[in-house]
Every structure is written in structure tokens, then in C-alpha cells.
Number of protein chains: 2
Amino acid sequence: MASAKSLIFAELAEIARTIGHPHRLELIEHVSQGERSVERLAALIGQSMANTSQHLQHLRRSGLVQSRRDGKRILYRLGDGPVIPLLTSLRQYAEDSRAEVRGIVADYFDRLDRLEPISRTELVARLREENVTVLDVRPKEEFDLGRIPGAVNVPLEELEKRLSELPADTETVAYCRGPYCILSFEAVAALRTKGYRIRRLEDGFPEWVDAGFAVERGPSVAPRPARSN
Amino acid sequence: MASAKSLIFAELAEIARTIGHPHRLELIEHVSQGERSVERLAALIGQSMANTSQHLQHLRRSGLVQSRRDGKRILYRLGDGPVIPLLTSLRQYAEDSRAEVRGIVADYFDRLDRLEPISRTELVARLREENVTVLDVRPKEEFDLGRIPGAVNVPLEELEKRLSELPADTETVAYCRGPYCILSFEAVAALRTKGYRIRRLEDGFPEWVDAGFAVERGPSVAPRPARSN
DNA sequence: CATTCATTCAATTGTTTCGTTGAATGTTTA
DNA sequence: TAAACATTCAACGAAACAATTGAATGAATG
């Protein structure tokens with residue numbers, strides 16, 4: 001039946017249109033870091049509450065995000081389906097085939113040094129050998145909601161003050177929210193000028209989770225900066 | 001810079017909006033079978049030439065399709081980038097998380113028998129052992145443009161007339177245009193009632209190409225139906 | 001039980017997109 | 001060089017969408 005086919009195309013198109021808006025893409029990125037209230041999301045994307053709420057409901061209709069009530073606020077989180085793979089393939093298509101994006105990514109990220117990232121599997125191997133410090137430069141709230149096991153949390157703004165928490169003798173791997181999040185880029189740029197051996201992790205925390213690697217949750221116990229300097 | 005970030009989101013959103021229209025999704029599906037003229041594509045999606053042309057140019061702007069001139073007509077083909085992976089992840093997201101799509105797919109395809117498909121790698125292995133006939137049920141023109149090596153082409157309409165070309169003693173694997181193409185489902189349903197041992201290949205020809213498996217092109221030499229019945 | 005607060009709804013306006021119509025372009029054929 | 005043909009362009013009206021405003025909901029607090 002042709003009608004079943006056109007119904008399927010209509011469904012697919014609707015999902016595609018849902019992620020076809022910059023604000024909604026940005027909302028998904030923020031929501032993929034952990035639960036967020038509408039108020040906070042509105043501030044993050046620089047839009048009004050009403051507008052943000054409507055975009056969120058649009059996303060929820062397509063299952064890309066879910067929500068729950070917590071007291072007087074509503075918290076949004078990432079949907080159950082393979083949302084990250086969908087966005088990853090969208091990004092990969094864009095990087096592969098759109099000159100504009102290639103140009104932007106090149107101009108923007110490459111200028112911050114050619115900071116070759118370390119792969120997730122490589123990091124896992126290095127963690128087993130205990131010869132690497134994992135640095136989470138996201139804000140504390142996001143760190144508390146979930147992190148790479150054993151990671152040390154030093155938000156980017158506090159990095160200069162808290163340099164002593166980082167071992168200078170072992171290599172450090174920094175990560176943040178995703179491939180377009182600049183926090184870890186800036187952390188690497190800053191620490192390299194101070195002589196640290198530091199690299200970025202490929203992509204970011206949501207992709208780490210999506211790839212099925214272990215996650216540590218809850219308020220952090222004492223971080224374990226094996227200070228030796 | 002926040003502006004680089006928002007530029008990236010704008011680019012991604014534009015690509016997503018490009019595939020966010022049923023006609024354009026359908027055009028991509030048809031174009032992924034091989035080169036097609038605007039006239040033919042217009043007929044396939046049941047739209048005017050002008051409208052089809054505009055959708056095609058929209059797709060071309062995003063690199064999802066490419067075009068070349070051949071005499072007085074313009075032929076469109078699939079773009080260079082990872083278009084199929086993008087659509088595959090879109091479809092997988094939809095199937096995984098949208099009840100409507102799940103319902104449609106279930107109602108529609110499952111009713112045509114639970115025809116468990118054979119995987120591409122399994123088919124390759126079976127082909128090495130020479131104990132399988134590959135049946136391409138697409139129209140001859142598409143078959144000529146590219147096919148699984150060694151495949152026999154019997155378009156669905158001619159299947160009943162040309163049953164003799166299919167060996168009844170070896171298992172047959174049928175394929176067509178893709179996961180939502182009903183040709184191979186119907187072929188399987190038809191031949192099973194006649195006692196043939198026949199299964200579907202997972203997905204279809206574009207996905208076969210995309211997965212990097214060998215393709216045979218050009219007008220078919222004599223098909224080799226190892227008739228033994 | 002009234003108030004406060006976060007969120008959602010409803011109505012409005014300006015912008016973008018879709019499909020149609022008819023003319024323009026550029027290539028082949030007569 | 002003119003006619004035929006496939007495709008694209010340009011202009012239009014209808015429909016969908018985005019963002020704003022202000023009112024409505026519904027849970028928590030006093």
C-alpha cells in the first residue's frame with residue numbers, strides 16, 4: 001500500500017523537522033548533559049520561557065526528550081530512543097559534506113591548536129594502567145549528575161586557581177559536553193601553555209555514555225589527585 | 001565564540017530541515033537507486049515538474065543529491081557524503097521510539113508474514129558456498145545500473161511468468177530498494193505460497209552499496225539460473 | 001485557603017515554506 | 001536557424017511556523 005509508505009515518510013519528515021531548528025538542537029545538547037528545568041534551559045539558549053517551553057514540547061512530541069515533575073518545576077531529560085546516534089550521524093554528514101561547516105569547524109577549532117583527541121577506547125586502556133588523570137571541566141552540577149569514573153572535576157572558570165589539584169607528572173585527558181563544546185578545548189589550550197601534558201577526549205560525556213562506557217553518579221567523594229609535585 | 005557554535009547549529013538545522021519533507025525523503029529514496037531524470041522523479045513522487053525540480057535543488061544545495069546533464073535532460077544521483085547512514089539513523093530512531101511508526105511498520109509489514117531477513121554478511125558467506133540464488137525484483141533499468149554480483153533479475157510483475165528461471169532446489173534471497181520497499185516482501189510472499197524456499201535480504205540495494213559490498217554494473221550478461229528442475 | 005512560583009496555553013503578528021502558473025533557459029533535432 | 005523538449009526561474013496565494021504577550025494551570029508555601 002502506498003499510503004503506509006507515505007505515512008512512514010511523513011513520520012520521518014516530522015522527526016527531521018523537529019531537529020531542524022537551531023534552538024531545538026541546542027536544547028537537545030543541553031538536555032543530554034542531564035536533567036534541566038525549563039527556566040534553566042531558557043537561560044542557556046537565551047530565549048523566553050514560553051518559547052523555550054514550546055520548543056521543548058515539540059521535542060517531547062517526537063520523543064527526543066522526556067519530562068517529569070519535581071515540585072513546582074518540570075525537569076527535561078533526553079528521550080529513550082537513539083537520539084545521540086541520530087544527531088551524531090547528522091553532524092557527521094554535515095562535517096563530511098558541507099564546505100561551510102568544514103570551514104567553520106576548521107577556522108574555529110583548528111585555530112585553538114591542532115589538539116588531537118584521544119579515543120574513548122584508548123582512554124579506557126590508559127585508565128587500566130593508571131597512568132592518566134581524567135579532568136572534567138564541566139560545571140559541578142553536571143559532574144554530579146554523571147561522569148567518567150575517577151574523573152576530577154575542576155570547572156573551567158576555577159582552573160587557574162586550582163591548578164594544584166592536577167598532577168603535573170602524568171598525562172591529563174580533559175572532556176566536557178560534546179564535540180562542539182569549547183570548555184575542554186580551552187582547558188587544553190590553557191594548561192598546555194603552563195607545561196602540562198594534556199589532551200582532549202574525543203566528543204564528550206553524552207557520547208561516552210552512548211558508547212556504553214561506565215558512568216559514576218552522585219555527589220563526588222574526595223577527588224583523588226595523585227599529587228606528586 | 002558563541003557565534004561559531006550557533007553557526008554550526010544553524011547548518012545542522014538546515015540539513016535536518018532539508019530531509020524534513022516527505023517528498024524530499026521519497027526523492028532521496030528513488031535517487032539512491034541510481035540516476036534519474038527530473039521528469040521520471042516527478043512521476044514517481046506524483047508531483048509537478050516545477051515542484052519536483054525545486055525540491056531537487058533544495059536537496060542539491062545540501063549536498064544530498066548531485067546532478068549532471070545528459071543531452072537535454074538532467075540526471076540526479078545520490079550525493080557523496082554519508083547520506084544513507086543519516087537516513088538509516090533517522091529511520092532507526094523512528095522505529096525505536098515512535099509508536100505510530102512502530103504501529104504502521106508492524107501492521108503493514110508483519111501482516112505480510114514474519115519474513116525474517118538474511119543479513120548482508122550472511123549472504124556473502126552463502127554466496128561463497130554457491131548454495132544460494134540472489135533474486136533482484138527491481139525493474140530492469142535499476143538492475144542494469146547496479147546489482148549484487150551474480151543476481152538474477154526478475155521484476156516483480158514478471159515473476160509469475162518467469163518462475164522457470166528460478167531454481168527450486170536452492171534457497172533464494174530476494175532484495176529490492178530498501179527496507180520500506182515492498183517489492184521483495186511481495187516476491188517472498190508469492191514464491192513461498194508456491195513452495196519456494198525464499199527469504200528477504202535485510203534492507204536493500206542502497207544499503208548494500210553503502211556497506212561497501214561488491215557491485216556489478218552494466219547491462220546484464222546472460223543470467224545464470226542454475227536450473228536443475 | 002490564598003499566594004507565589006514555574007510552566008503551559010491561547011491569541012497574535014511577522015516570516016518562511018509549499019505548490020501552482022507561466023515565462024525563460026539551454027540543448028537537441030529537423 | 002527554427003522548433004521541440006526538459007528543466008529552471010519568478011511571482012503569487014495558501015498554509016505552517018516562530019516568537020511575543022498576557023492569561024491560565026497546578027504544585028508548594030505561608
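We name chains A, B, ... by the order of the sequence lines, and we start the count at 1 in each one.
Taking atom CD of A/Glu14 as the reference point, atom P of C/dC18 lies 15 Å away to the nearest angstrom. Put simply, CG on A/Leu75 is 15 Å from C1' on C/dC5, counting in whole angstrom units. Rounded to an integer number of Å, the gap from B/Arg73 CZ to C/dT28 C1' is 11 Å. Regarding B/Asp70, its CG atom lies at a distance of 11 Å from the P atom of C/dT29, rounded to whole Å. Put simply, CZ on A/Arg68 is 17 Å from P on C/dA6, counting in whole angstrom units.
Residues satisfying the side chain to side chain donor-acceptor pair (under 3.5 Å) test with A/Ser53, not counting sequence neighbours, are A/Gln57.
Only A/Ala50, A/Asn51, A/Gln54, A/His55, listed by number, bring a heavy atom of residues 49-58 of chain A to less than 4.0 angstrom from any atom of DNA chain D.
Here the side chain of A/Trp208 pairs no donor or acceptor atom with the backbone of A/Glu202 at under 3.5 angstrom.
Rounding to the nearest 0.5 Å places CD of B/Gln47 at 12.0 Å from CG of B/Leu41. With values rounded to the nearest 0.5 angstrom, A/Ser37 atom OG is found 8.5 Å from A/Leu44 atom CG.
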Subject >> Step-by-step side chain to side chain contact (heavy atoms under 4.5 Å, CB included) determination, A/Leu201 to A/Val134 >> reply: CA-CA 9 Å; A/Leu201 175 65; A/Val134 182; over 6 Å; no
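Under a 4.0 Å N-O distance rule, the pair A/Arg68/A/Glu35 qualifies as a salt bridge.
With a heavy-atom cut-off of 4.0 Å to chain B, the contacted part of DNA chain D has its first and last nucleotide at D/dC5 to D/dA10.
In this structure, B/Arg24 reaches the C/dC18 phosphate: one of its side-chain N or O atoms is under 4.0 Å from OP1 or OP2.
Within the 4.0 angstrom heavy-atom criterion, no nucleotide atom of any strand lies near B/Arg40.
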